[in-house]
Amino acid sequence: MDIYMRDESLLMLRQQVGKANPSSTYNSWVRGSITSNNSPSYPTDRCRFFDKHGFVLVESFSSPDEVQSMKSHMQHLVNSQWNPSESTHVFRTDDKQIEAQGRSDYFLDSANKTHFFAEKDAMKNGELKSKYKSNKIAALNKAGHGMHTTPGPFQSYAQSDKVVNLLTELGWTDPVVPQSMYIFKQAKIGGEVTSHQDSSFLYTTPRQTCIGLWLALDDATLKNGCLWVRPGSHKEPVRRQFVRNSKHFGDSLVYDDDNGDSAEPQMIFKQLNAGETAPWDGKVPGNSLDYQSSALYENGFMPLPCKAGDLLAFTGELDHLSLPNYSNQARHTFQLHCVEGERAGIKWSKENWLQYPPGEPFMRLYS
Ligand SMILES: O=C(O)CCC(=O)C(=O)O
């Protein structure tokens, strides 16, 4: 699918949004039912598209200079901070996810730092394959989960007016940033990200408030693993939550304490909503692009190829995934995940894997 075909699909979705009715009650995904005539400019067309379909595309959100500064900064971080000869950790979202992330202090400790995770196919016998030793960055799957916590291009972007204004436009009233990540999706070895809902990992109470801001740093195409979304799925409940395992941590859920068992995995998936599942959770179908694409279309997913600098904003309940990179071109992206903060009456779940040290708050975007 090229961008033209994507635009045809987006046009069809836009037609379903209909006309704004300024005097009626409006149903915002994040705020619930509100009377829209209190604020004449709300909701914008973009916001109504987002609320109806669960995502919105914002073209040219970042300039070529901003994109380049993020890519150069990541290259610098990899050169100066990643030492694969000390230890190498793999990131994966397939049926080995619990084995890879669910038993790793390096993963848990990445909450407010920049840690580096390799592609499984860049490794042999627990070490980087020799061809990656002189080009470490080409072996990486992702970096996470606190790039925004230190000064530099990632933090400047997170705090930029354009990010804050977009979140305001989409209805967030006290956005905070629990996590950021940089996905490399390397040429040929870049693995799939299986279908998931982000709120499974960034769960809030009493309602879900997670929004993903997915920024393309390279052109993202069908062949190099663009994002696929299932429009409208954000109206469905969260089906599973990736939680800290009380069998491992004991009652504190944070420290290994006396009533925990260190042989148990640190994190597990807990089924929610009476064990409801979807056939695509944690999966991508088949193993060729043609087969996978047609199976995904059949299940209501659509691909969203993007140009470098384009942004996709989507809700935490929207089903999304990316297929493996079948091309010779890497597909880098930078993601921010935001949720509503306590001033909006929202609490971060104590069961979430990602927890900051006591007394350290998430970055708040409104002062
Ligand atoms: O970029 C990808 O491949 C997947 C990204 C994703 O799942 C996310 O941003 O939540």
Side-chain angles (χ1 to χ4, degrees), residues 54-58 61 67 70-71 74 91-94 97 101 110 117 119-120 140-148 154 157-158 163 177-204 208-230 233-234 238 240-242 280-284 289 292-293 296 301-327 329-339 352-354:
F55 73 96
V56 69
L57 167 72
V58 185
F61 190 70
V67 165
M70 290 192 201
K71 292 181 84 170
M74 182 46 71
F91 189 85
R92 55 200 297 171
T93 64
D94 58 8
Q97 182 165 21
Q101 281 88 252
S110 71
F117 300 90
E119 275 297 342
K120 65 177 178 358
L140 281 171
N141 171 295
K142 87 168 188 180
H145 292 86
M147 265 80 65
H148 61 290
F154 298 121
Y157 166 78
V163 165
V177 192
Q179 92 172 5
S180 52
M181 46 195 206
Y182 190 109
I183 298 189
F184 296 87
K185 192 73 102 176
Q186 302 293 0
K188 295 291 185 197
I189 57 164
E192 75 276 7
V193 172
T194 60
S195 182
H196 63 282
Q197 298 168 294
D198 284 341
S199 292
S200 294
F201 304 87
L202 300 127
Y203 198 86
T204 57
Q208 299 315 317
T209 59
C210 170
I211 179 168
L213 300 179
W214 183 100
L215 179 69
L217 303 179
D218 288 311
D219 291 352
T221 66
L222 208 53
K223 273 192 108 176
N224 73 0
C226 68
L227 208 70
W228 288 72
V229 300
R230 194 163 70 86
S233 57
H234 65 309
V238 182
R240 54 187 195 154
Q241 192 187 350
F242 190 62
W280 43 82
D281 280 338
K283 293 190 183 69
V284 293
L289 181 56
Q292 290 170 328
S293 303
L296 287 171
F301 284 83
M302 72 176 272
L304 291 169
C306 286
K307 296 279 183 209
D310 290 353
L311 177 102
L312 289 166
F314 50 93
T315 76
E317 277 153 327
L318 189 82
D319 285 326
H320 63 284
L321 59 87
S322 66
L323 294 175
N325 187 340
Y326 292 107
S327 80
Q329 302 294 322
R331 190 228 67 182
H332 291 202
T333 50
F334 180 65
Q335 278 94 282
L336 290 175
H337 287 105
C338 305
V339 296
N352 286 337
W353 79 265
L354 185 147

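Both counts, for ligands and for their atoms, begin at 1 and track the order of listing.
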What class does the angle between the rings of H196 and F201 fall in, given that below 30° is parallel, 30 to 60° is tilted and above 60° is perpendicular? perpendicular
Residues passing the side-chain contact (heavy atoms from CB on, under 4.5 Å) test with D319, sequence neighbours excluded, are S195, Q197, R230, S233, E236, R239, W280, D281, F301
Work out which heavy atom in D218 is nearest to a heavy atom in A330; give both atom names and the distance. OD2-O, 3.5 Å
Hits for side-chain contact (heavy atoms from CB on, under 4.5 Å) against N352, two or more places apart or cross-chain, chain-then-number order -> Y203, Q241, W348, S349, Q355
Could you list, one pair per line, each nitrogen or oxygen of ligand 1 together with any protein nitrogen or oxygen closer than 3.5 Å, giving atom names and the distance rounded to 0.1 Å?
{"residue": "ligand 1", "atom": "1 (O)", "partner": "W214", "partner atom": "NE1", "Å": "2.8"}
{"residue": "ligand 1", "atom": "1 (O)", "partner": "R331", "partner atom": "NH1", "Å": "3.4"}
{"residue": "ligand 1", "atom": "1 (O)", "partner": "R331", "partner atom": "NH2", "Å": "2.8"}
{"residue": "ligand 1", "atom": "3 (O)", "partner": "S322", "partner atom": "OG", "Å": "2.6"}
{"residue": "ligand 1", "atom": "3 (O)", "partner": "R331", "partner atom": "NH1", "Å": "3.2"}
{"residue": "ligand 1", "atom": "3 (O)", "partner": "R331", "partner atom": "NH2", "Å": "3.3"}
{"residue": "ligand 1", "atom": "7 (O)", "partner": "H196", "partner atom": "NE2", "Å": "3.0"}
{"residue": "ligand 1", "atom": "7 (O)", "partner": "H320", "partner atom": "NE2", "Å": "3.1"}
{"residue": "ligand 1", "atom": "9 (O)", "partner": "Q335", "partner atom": "NE2", "Å": "3.2"}
{"residue": "ligand 1", "atom": "10 (O)", "partner": "D198", "partner atom": "OD1", "Å": "2.9"}
{"residue": "ligand 1", "atom": "10 (O)", "partner": "D198", "partner atom": "OD2", "Å": "3.0"}
{"residue": "ligand 1", "atom": "10 (O)", "partner": "H320", "partner atom": "NE2", "Å": "3.0"}
{"residue": "ligand 1", "atom": "10 (O)", "partner": "H337", "partner atom": "NE2", "Å": "3.3"}

Partners of A158 by side-chain contact (heavy atoms from CB on, under 4.5 Å), sequence neighbours excluded? H148, L336, M363
Counting neighbours of NZ on K71 that are heavy atoms of other residues, nucleotides or ligands and sit closer than 6.0 Å, is the number greater than 12? yes
